[in-house]
Every structure is written in C-alpha cells, then in structure tokens.
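Read the structure below first, then the notes.
In listed order, ligands and their atoms are each counted from 1. These values consider heavy atoms only, across backbone and side chains, with no hydrogens, waters or symmetry-generated copies.
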Amino acid sequence: MNTTLAQYLSRSIERNSVGLAVKDTIICLSQASKNIAHFLSKNGLLNNEMGIQTGDVNADGDSQKALDVIADHEIIKAIANKDVAAYFSEEQDTVLLLEQKGNLIVCADPLDGSSNIDNNISVGTIFSILPRKNDSFEIDHITNDALQPGVNQLASGFFMYGPQTTLILTIGNGVAAFVLDNDEFVRMDWEPKLTHNGNQFAINMSNMRFWSQKARDYIHKCLDGEEGTFAKNYNMRWCGSLVADAWRIFREGGIFLYPEDSRKNYDTGRLRLIYEANPIAFLVEQAGGRASNGKTEILSIKPNAIHQRIPLIFGSKKDVANYENQ
Ligand code: F6P
C-alpha cells in the first residue's frame, strides 16, 4: 500500500501547533498544485491560451504569463484563512498579509521556468515555509520574518508539472518524493539522496563569455574529462527550468550552476534567494549534498531584500566543493 502525502506528514511531523500548521500548509499547497497542473494541461487549447504574456513584468523583471498569475492566485486561495500570516511571492512586489495570528510565513515561486510553458517542458512551484518571528502585523516587521536565513526553514519543496506531477519535500528530516496518482500524492519508492558524486553538470553555456575566470576554469576542467583534473567524463544537461534541472540532479547527482556574471543585473546571479535558492538548498542539504553561492552555504546567508538574487551552485558535495575551491 502506498503512503499518501497526508499519511507521511502525520507520521513524520511533530504534533505541536507549529508542526500541525506546517502539515496543513503543505496539504493546502498540494491542493493548489493539482489545480495548477490542471490549468497547465489546458494551455494552448482553444480559448485557453494561458501561456500568453499578460504584458506585465514581475517584481524581478521577468515577463509575466497569464499562467504565472493563475498559479499565484491558486496558492493564495489555498493558504488564505489558514495558519499563514504572510505570503511572499516572486510574482508580487510586496508581501500579502493573510492571518493576523498565523504562525507561518510562506515564500513561493508559483510557476518556475514559465518561459518553457509553451514548449511543453516541465515547470514547477517552489515553496519555503518559515516560522513567524514576531507578533506585529506591520508590513516592515513581517517582511523581516521573510528575511531569515534559510537554515530556519521548517519545510521546503517543489512540485513539478511534467509527464508526471511530482513533489520533492523536506520537513527537516531527510527528503521524500511523491507522485500524483488519481488525485492523491503518494510516496515514491525512490528516496532523493545526493551522497554519491555525479557526472553531470547543468549550466547555461551560452553565458560563458560573461562568467568569472573561476566559473570558466571549473567548466573547462569538466570538459577535459578523464584526461583532466577531475579525471571523469562529464555529460551536460540544461532544461532552463530550475525544478527540472534540480530533479535530475537529485536522481543522478552532479552539479547545477547559475553563477554571477558580467551582464547587467547578473552581478549577483539570476535566481532569487528566498523563492528559489533557499528552498532548493534545504532539500539539497537534507539529501546529503551542498548548496553554495560559490563561497558560502546558501542556508547561512541572511537575505537583505525579498527579491534578492544570488549565485546558486548545488549538487553532490564533492562537485560543489571542487567549484568552491577553484
Ligand atoms: O528563474 C527562472 C528560471 O527559468 C529558472 O527556472 C532557470 O534555472 C533559469 O531561470 C534559466 O535561466 P536562463 O534562461 O538564463 O538560462
């Protein structure tokens, strides 16, 4: 008999008020993910041109698609009137205040990789759940609660909408993977682990001319294969959806890199600390891997703004250490 997400959470989470709130929030997010998967499946059908641009750009300057907005609304609908005090979204400029007495803070990238939607390539919803730190419902105070280092996360994960709708989740005691089967998330036999070294690297190679010398030297060593410093033949993969690239790294090991580069607005990388890097880093560390900005652990970094970008390098410990020591 397969373990459902609800059964897994009931068995694994502490039965105190915060634990129960985390459980409830994850179940609500899983409900939102089912609706998002449904909307995605309609994209491109007559009268359902949801991959179209809304004409707006989000807080991070990416052009917004109708489905980004739909995914954002689904999450808000799911976590409203629950134990969540505030929602921070990559699609919104500022915080959305929810329950004044809520114990939790939710941060999310509602539809990661959305530039891939019209090409039917996997996209996903990334989330991070943090504890509320102060009672004030003032915007400045509650925003400070989103700026906790990632090590404080109570849970994180991502839903991926691909051939299957899946979830990789951590509540701080390892990582579990689930697949949607008949409207129910059930646990997969596979347990994501990053304890072995991989032979894959994932990076957008078209940016090579903008990289630092460190990033260039590292990738050159990967390309040198068995004859080179790493004495290993690497394979390269790049989906352009963080969730899809991350899933593959969890399955096969190796390294993902989105380093800083010399393009305008890329000097601190592309990916967002609280919506993307922190939740992925929590999963990675819980799976026995390492996530870094190239120098320090992602989870130890105190965010300075809700839309802060950060270089993100994660994967098998040795591969990431090789990059850091470059
Ligand atoms: O942050 C959005 C995102 O689409 C990630 O999912 C992905 O890893 C990255 O951007 C791809 O960036 P680029 O288009 O520069 O390769």
Practice problem: May I ask you to check if R272 and Y275 form a cation-pi contact, with NZ or CZ under 6.0 angstrom from the six-membered ring centre and within 45° of the axis? | Solution: no

With distance as the sole test, does [X] use its side chain to make a donor-acceptor pair with the main-chain N or O of [Y] at under 3.5 Å?
X	Y	value
N103	D83	no
R263	E260	no
T125	P110	yes

Quiz item: Any non-hydrogen atom of E90 lying under 4.0 Å from ligand 1?
Solution: no

Atom indices of ligand 1, in the order listed, that fall short of 4.0 Å to a heavy atom of [X]:
X	answer
E276	1 (O), 2 (C)
G113	4 (O), 6 (O)
N204	13 (P), 15 (O), 16 (O)
S241	6 (O)
L242	5 (C), 6 (O), 7 (C), 8 (O)
D112	1 (O), 2 (C), 5 (C), 6 (O)
W238	11 (C), 16 (O)
R272	1 (O)

Any nitrogen or oxygen of [X], side chain or backbone, less than 3.5 Å from one on ligand 1?
X	result
N207	no
D109	no
L271	no
Y266	no
S115	no
Y258	yes

Quiz item: When you check the side-chain N and O atoms of S241 and N116, is any donor under 3.5 Å from an acceptor?
Solution: yes

Exercise. Check whether the side chains of D118 and N43 place a donor and an acceptor atom closer than 3.5 Å, and report yes or no.
Key: yes

Quiz item: For R248, what residues pass the side chain to side chain donor-acceptor pair (under 3.5 Å) criterion, not counting sequence neighbours?
Solution: Q200, D245

Self-check item: Ring center gap for W238 and F201 short of 6.0 angstrom
Solution: no

Quiz item: Below 4.0 angstrom, N of the basic side chain to O of the carboxylate: do E252 and R237 qualify?
Solution: no

Quiz prompt | Hydrophobic cluster identity match, Y218 and L223, side-chain contacts under 4.5 Å | solution = yes

